[in-house]
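Below is one structure, written out as structure tokens; comments come after it.
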Amino acid sequence: MLNPTGDIPVWTKIDLVLTSSRQYDNPYVEVDVWVDLQGPGFFRRVYGFWNGGSEFIVRVLATTPGKWHWTSGSNMQDPGLTGRSGSFTARGFNEAELAENPNRRGMVKATPDGRGLQYADGTPYFLIGDTWWSLPSFRFPLKGGRGDADAIGPHATLNDYVALRKAQGFNCIGLIAAQPAWKNDGKPNSLQMEDGTWVRAAWRQPGTQSAKDMHNEGGLPFEFPGKVPGFEDVFPDMDRINPDYFKVLDAKIDYLNAEGFVPFIEVARRDTGQAWQKFHDFAESYARYVNYVFARYQANITILSPIHYDYYEQTIPAADYSAAIEHALERHGRPPFGTMLSANPNPSTLVNFGADSWVDLHQSGNVREHYTYWYLTEIFHAAPTKPAINGEPYYAGLHQLGTPYPLRVPPDSREDRYYVRSGLYGSFLSGGLAGFIYGAEGIWQSDTEPDSLHKMWDSFRWQSGAEVQHLKAFAMIKGETYRQLEPMADLVMPNKAAPDFAYHGWSYCARTPDRSLFMLYFEDQAPLEAKLRGVEVGARYRPRFFDPRKGEWHAPADMLVVPRSSVLVLPQRPDAQDWGLMLERT
């Protein structure tokens, strides 16, 4: 919505377009532009971005109904950018409009207890996400109109994929805004300088030994030639941005928002780090780019990430990224409309960036087997309290990763679907109470090439994707009580009947502090005979099993009474497959 007049709905992105009166050699580097925005209970400086040519945009929104005013400013003496002003009136949505799109309820934020997520108006938001890291590229073409969930195939569009996942209960999409050095240029997908500096560590494009093409209709995200000696045509100039690339991404983010999805936008993947740091003024250059992406998307309903830190090798230390990120936040402040900050980590944002960092939504990620769900328990007990999810667990159809991930099973097999469920329910009961992000081979790297092992349109039809939504049915059987759960796997005896690097044989438990509710999950092949401690002598509990394959709760079983031993013998689950169990005190 451009330079509005009249009534504008709250939480609706508005583009305030400013045209510079002067010419600049590199507006991306030279010019800072902003507006001071004032409305009911709100006064913030909101920064904008260069959008190509003489155009600068500051994106704003109204967080509450009422009269809003803005006045522009710039670090340059430019009458086209400084001293402009305007106003608009914001109105609220009615109930019918809110029902059409939950994003109209506002930005996603932490619940008051710090355990879950909710929209700005207090409506619960249980994150169910999918991994589309390559969404900004040509591999997810955006067309006009609504998508068709039945049109998934070689000619499917972003619209069609969105329609399918929306029907399956997803409400979040993870993506990486830019892969600057990735193109199928005939050079190896992984490149290092003679001194070992990484130039890129890209995914290999099937059928070639080179990197994945990641351009879109607007080109590549940064300009060439670059500053890395000998690799000027591989690694771009990170101080010269291409706004046309991001204009294409703008339309995709707008479409996701319009369909009720909250994009989780990561500004860059870690493999850019070493060359960026060595051949640019990294603190300034990286902070500038973080602020650029934030300025483009902080008036959308999103979750933002200043780094995709999925692996600690082939990059710079997490502390170096944090220093640049803190510099970005010092210069422009945190996103003005309450956007949460998170990051894909390895093994967790707590390990990588610390407890009291810029992170608002903690994650574990890029660690797969059931022993790694513990990182969410560590986050749960850290201070200050922050919500957490597993953002990159086992990928359906996992086949590319090497040691220590040797577990290979046929894609979309019974075993493959079960591995996904282990991540779902094991992570949730280990402390990932805010939700979960699914991933599948073929989709996370968007394989569309003829030589791809799994074409992305085939992977979208795997049954595991349709089962992810059942986690919400499990978690919310008692409404928002799930946010009171505390992970306590040791209450189940036995709870580790298999090796660490596996998905079989373990059991998980979480309970409310008053012991009125216990939620359990038994992995496939966990012992059928199990006991529970931590219950009160004489207390009466009603057991109820949950089928994670169908998302169905069974009818309550016979009442259980805790004996004087204080150890409760649990009812055997229906079979040796994985099952959830709820014990509710009556």
Original post:
Does E378 reach the main-chain N or O of L376 with its side chain, forming a donor-acceptor pair under 3.5 Å?
Top reply: no
Original post:
side chain to side chain donor-acceptor pair (under 3.5 Å) between Y373 and S422: does it pass, once the steps are laid out?
Top reply: CA-CA 10 Å; Y373 311 156; S422 168; 3.0 Å; yes
Original post:
Taking all atoms of both residues into account, what is the closest heavy-atom pair of S74 and D32, and its distance?
Top reply: OG-O, 3.0 Å
**OP:** If the plane angle is over 60° it's perpendicular, under 30° parallel, otherwise tilted; pick one for H399 and H454.
**Re:** perpendicular
**OP:** Measure from the ring center of Y245 to the ring center of F222 and say whether it is less than 6.0 Å.
**Re:** no
Original post:
Quick check: does any side chain N or O of S190 sit under 3.5 Å from a backbone N or O of A201, one acting as donor and the other as acceptor?
Top reply: no
Original post:
How far does CG of N352 sit from NE2 of H362, to the nearest 0.5 angstrom?
Top reply: 10.5 Å
Subject >> Straight-line distance of I303 CD1 to M340 CE, nearest 0.5 Å >> reply: 6.5 Å
Original post:
Under 4.0 Å between a Lys/Arg side-chain N and an Asp/Glu carboxylate O for K247 and D244?
Top reply: yes
**OP:** Answer with yes or no whether the side chains of D239 and Y289 bring together a donor and an acceptor at under 3.5 Å.
**Re:** no
Subject >> Polar side-chain atom of S72 near backbone of L81 as donor-acceptor pair, under 3.5 Å >> reply: yes
Original post:
Between W358 and Y321, is the ring centre distance below 6.0 Å?
Top reply: no
**OP:** Report the C-alpha distance between R59 and D15 in whole Å, list the side-chain angles of each, state the deciding distance to 0.1 Å, and finish with yes or no for salt bridge (charged side-chain N to carboxylate O under 4.0 Å, His left out).
**Re:** CA-CA 5 Å; R59 289 185 165 151; D15 280 4; 2.8 Å; yes
Original post:
Can you tell if the side chain of K183 reaches within under 4.5 Å of the side chain of H215, non-hydrogen atoms only?
Top reply: no
Original post:
Given the rule in the salt bridge (charged side-chain N to carboxylate O under 4.0 Å, His left out) test, do E486 and R115 qualify, once you have shown the distances and angles that lead to the verdict?
Top reply: CA-CA 10 Å; E486 300 175 345; R115 295 301 185 195; over 6 Å; no
**OP:** Kindly compute the distance separating CG (L361) from CD1 (I389), expressed to the nearest 0.5 Å.
**Re:** 5.0 Å
Original post:
Do you know the tightest heavy-atom contact between S285 and W276?
Top reply: OG-NE1, 2.9 Å
Original post:
Passes salt bridge (charged side-chain N to carboxylate O under 4.0 Å, His left out), R200 versus D271? Steps please.
Top reply: CA-CA 6 Å; R200 72 180 178 201; D271 69 300; over 6 Å; no
Original post:
Between F231 and K187, is there a cation-pi geometry (under 6.0 Å to ring centre, at most 45° from the normal)?
Top reply: no
Subject >> Between E266 and N344: side-chain donor-acceptor atoms closer than 3.5 Å >> reply: no
**OP:** For the pair E30 (side chain) and N26 (backbone), establish whether a donor and an acceptor sit closer than 3.5 Å, ignoring hydrogens and angles.
**Re:** yes
Original post:
Taking all non-hydrogen atoms of both residues, which atom of P411 and which atom of G397 are closest, and how far apart?
Top reply: CB-CA, 3.9 Å
Original post:
Considering only heavy atoms from C-beta outward, does the side chain of T131 approach that of Y395 to under 4.5 Å?
Top reply: yes
Subject >> Distance-only polar pair, side chains of S430 and Y508, donor-acceptor under 3.5 Å >> reply: no
Subject >> F353 and I307, any side-chain heavy atoms less than 4.5 Å apart >> reply: yes
**OP:** List the steps and the verdict of side-chain contact (heavy atoms from CB on, under 4.5 Å) for W133 and H308.
**Re:** CA-CA 10 Å; W133 297 136; H308 180 87; 3.4 Å; yes
**OP:** Would you tell me whether R269 and Q179 have side-chain atoms, one donor and one acceptor, within less than 3.5 Å of each other?
**Re:** no
**OP:** Kindly indicate, with the supporting measurements, whether the criterion side-chain contact (heavy atoms from CB on, under 4.5 Å) is fulfilled by Y125 and C172.
**Re:** CA-CA 10 Å; Y125 174 77; C172 178; 3.5 Å; yes
Original post:
Got a sec: does the CZ of F138 have more than 12 other heavy atoms crowding it under 6.0 Å?
Top reply: yes
Original post:
Is the closest basic N to carboxylate O distance between E449 and R204 below 4.0 Å?
Top reply: no
Subject >> Side-chain touch V199/F279, heavy atoms, less than 4.5 angstrom >> reply: no
**OP:** May I ask you to test the N366-P345 pair for a side-chain heavy-atom distance under 4.5 Å?
**Re:** no
**OP:** Among R139, K212, K455, find the residue that satisfies the salt bridge (Lys or Arg N to Asp or Glu O under 4.0 Å) test when tested with D447.
**Re:** K212
**OP:** Please state whether the rings of W132 and F140 are parallel, tilted or perpendicular, taking 30° and 60° as the class boundaries.
**Re:** parallel
Original post:
Checking T385 side chain against G114 main chain: does a donor-acceptor pair fall under 3.5 Å?
Top reply: no
Original post:
Does the side chain of W50 come within less than 4.5 Å of S20's, by heavy atoms?
Top reply: no
Subject >> No-hydrogen, no-angle side-chain donor-acceptor test under 3.5 Å, Y425 and E523 >> reply: no
Subject >> Taking every non-hydrogen atom, the tightest pair across A343 and S305 >> reply: CA-OG, 3.4 Å
Subject >> Pairwise distance CG(L135) to CG(L249) - rounded to 0.5 angstrom >> reply: 7.0 Å
Original post:
Has the side chain of Q274 got a donor or acceptor atom that lies under 3.5 Å from a matching backbone atom of T315?
Top reply: yes
Original post:
If only atom types and distance count, is the side chain of D500 paired as donor or acceptor with the main-chain N or O of Y371 below 3.5 Å?
Top reply: no
Original post:
Would a 4.5 Å heavy-atom cut-off, applied to side chains only, mark R165 and F460 as touching?
Top reply: yes
Subject >> Side-chain heavy atoms of Y503 within contact of R368, under 4.5 Å >> reply: yes
Original post:
After noting the C-alpha distance and the side-chain angles of F428 and F436, does the key distance pass the ring-ring contact (aromatic ring centres under 6.0 Å, His included) rule?
Top reply: CA-CA 8 Å; F428 175 76; F436 185 86; over 10 Å; no
Original post:
Will you find, in the side chains of S137 and D213, an N or O donor that is under 3.5 Å from an N or O acceptor?
Top reply: no
Original post:
Do N390 and Y375 meet the criterion of a side-chain donor-acceptor pair at a distance under 3.5 Å?
Top reply: no
Subject >> For F261, the option from V162, T302, I301 that meets side-chain contact (heavy atoms from CB on, under 4.5 Å) >> reply: V162
Original post:
So, does D416 use its side chain to make a donor-acceptor pair with the main chain of A396 at under 3.5 Å?
Top reply: no
Subject >> side chain to side chain donor-acceptor pair (under 3.5 Å) between Q298 and T339, intermediate numbers included >> reply: CA-CA 7 Å; Q298 64 194 9; T339 313; over 6 Å; no
Subject >> Interatomic spacing from CD1 in I379 to OG in S364 - rounded to 0.5 Å >> reply: 6.0 Å
Subject >> I316 to Y309 - nearest heavy-atom pair and separation >> reply: O-OH, 3.2 Å
Original post:
Is the centre of the Y28 ring less than 6.0 Å from the centre of the Y292 ring?
Top reply: yes
Original post:
How long is the gap from NE2 on H332 to NE2 on H327, to the nearest 0.5 Å?
Top reply: 9.5 Å
Subject >> Distance-only polar pair, side chains of N242 and R240, donor-acceptor under 3.5 Å >> reply: no
**OP:** Begin from the C-alpha positions of Y24 and V29 and carry the test side-chain contact (heavy atoms from CB on, under 4.5 Å) through to its verdict.
**Re:** CA-CA 9 Å; Y24 302 96; V29 170; over 6 Å; no
